[in-house]
Chemist: 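Quick one: the structure is below, and I'll ask about it shortly.
Remember, it's 1-based here, ligands and their atoms both numbered in the order they're listed.
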Amino acid sequence: MQAVVTSGQWGSIHGTEVQQFEKEFAAYQDAAHGIAVVNGTVALKLALTAAGVGVGDEVIVPGYTFVATATAALEIGAVPVFADIDPYTYTLDAEHAAACITPRTRAIVPVHLGGRPADMDAIANLAAQHDLVIIEDAAQAWGAAWQGTRVGALGDIGGFSFQASKNITAGEGGMMLCNDPAIGALSRSLSDCGRQPDGLWYAHYVLGGNYRLSEFQGAILRVQLRRYPQHLQQRQANAAHLERGLAEIEGITTPCPDARITANAYHIFFVQYRAEAFGGVSKAQFIKALQAEGFQGVHGGYSLPAYRQPVMQAANFGLSTPPLFHGVHPEPPDYSAVALPVTDRACSDEAVWIRQNMLLGERQDMDDIAEAILKIQQYSDEVQE
Ligand SMILES: Cc1ncc(COP(=O)(O)O)c(C=O)c1O
């Protein structure tokens, strides 16, 4: 970091930190090409464009995700179509995704939510059958692997986030990963004002923007990546211990194991909560009680499905002008009519998040979480709103 300050090369154009980080992160994730950008939202937006998604194309996204999975598509004029999640894994339900396909569907965006890879076999089959591109939302999935290969470039292209809450962070930051050199070259150009590698500095060939990371961010990210394998291992070991500790507690379920998931990045450790087993204590009350026990990293997660966000319900998505797909897509979905039962239930009643930083504690800390949950169950009649 100090070296960047004194080098005089603060931008990535002439520096080496971002360039090195792109190479190191791509290699770590088993991808051929890495293109760093300012954040995960931009990574997804540019990834969609680089993969050929355009105005009026439908893009299938899960309902249970951060809003950017859908708004990245909207920003380029594509139409997000929401599919439900699997009740046992909280990732895209491929069967429901199949039911959402129309002649206008161009892409599918599996989200490796919480660091757990989505069912990439089912998604690859679906994509092959319907000629769809796959854009992985791997914003939370550094180090996650599906059948021995790390995620991000399992499909056509993927996007990662290095925002402040993430397991690897520079405050903000993002990365696109892919294996196809043409998609990689277009992604690079889109992220760098439409430049081409052999072009003049002031020659611009495609409609891109300046989405480059700074060298300061590159230097921080390189250091974070170096210590990441050890952190990942620690989170995984603690998650396995916590899972064992929670297994006996009635009303608490953790997502189904899947042998094809060879690494979970554990950005979020999901707990499925059933209030009936806790004397009717609501999810909100349960979280409050756990926080009162000292576990500030416990959270209710997305309080609204992405399709119920005010922006998705507002006329013109809250803007004064119609969306880009206006007049191109003949019958865009009416998001006020979308109701996906598993997603709705996860948001309102069921999903409890134990955030990644809690998994960097000691084994004893995991035992303390399980113990606190048991205590809440035992004294459920005393838990106050
Ligand atoms: C699932 C998912 N997609 C996309 C994003 C967007 O990333 P960023 O916040 O870096 O723009 C995030 C980050 O919060 C995310 O969690």
Chemist: Find out whether the Lys NZ or Arg CZ of R150 is both under 6.0 angstrom from the six-membered ring centre of Y28 and within 45° of the ring's axis.
Modeler: yes

Chemist: In terms of side-chain geometry, is the basic nitrogen of K288 or E293 positioned less than 4.0 Å from the acidic oxygen of its partner?
Modeler: no

Chemist: Please confirm whether the ring centroid of Y307 lies under 6.0 Å from the ring centroid of Y335.
Modeler: no

Chemist: Using a 3.5 Å cut-off on N/O to N/O, what pairs does ligand 1 make with the protein? A line per pair would be great.
Modeler:
from, atom 1, to, atom 2, distance (Å)
ligand 1, 3 (N), D137, OD1, 3.2
ligand 1, 3 (N), D137, OD2, 2.8
ligand 1, 10 (O), G40, N, 2.7
ligand 1, 10 (O), S161, OG, 2.7
ligand 1, 11 (O), G40, N, 3.3
ligand 1, 11 (O), T41, N, 2.8
ligand 1, 11 (O), T41, OG1, 2.5
ligand 1, 14 (O), K166, NZ, 2.7
ligand 1, 16 (O), Q140, NE2, 2.8

Chemist: Just checking, is any N or O donor in the side chain of Q140 or N167 under 3.5 Å from an acceptor N or O on the other one?
Modeler: no

Chemist: Among pairs that include at least one residue of residues 30-78, which meet ring pair (Phe, Tyr, Trp, His ring centres under 6.0 Å), considering only residues two or more places apart or in two chains?
Modeler: Y64-Y90, Y64-Y302

Chemist: Are the ring centres of H267 and W142 closer than 6.0 Å?
Modeler: yes

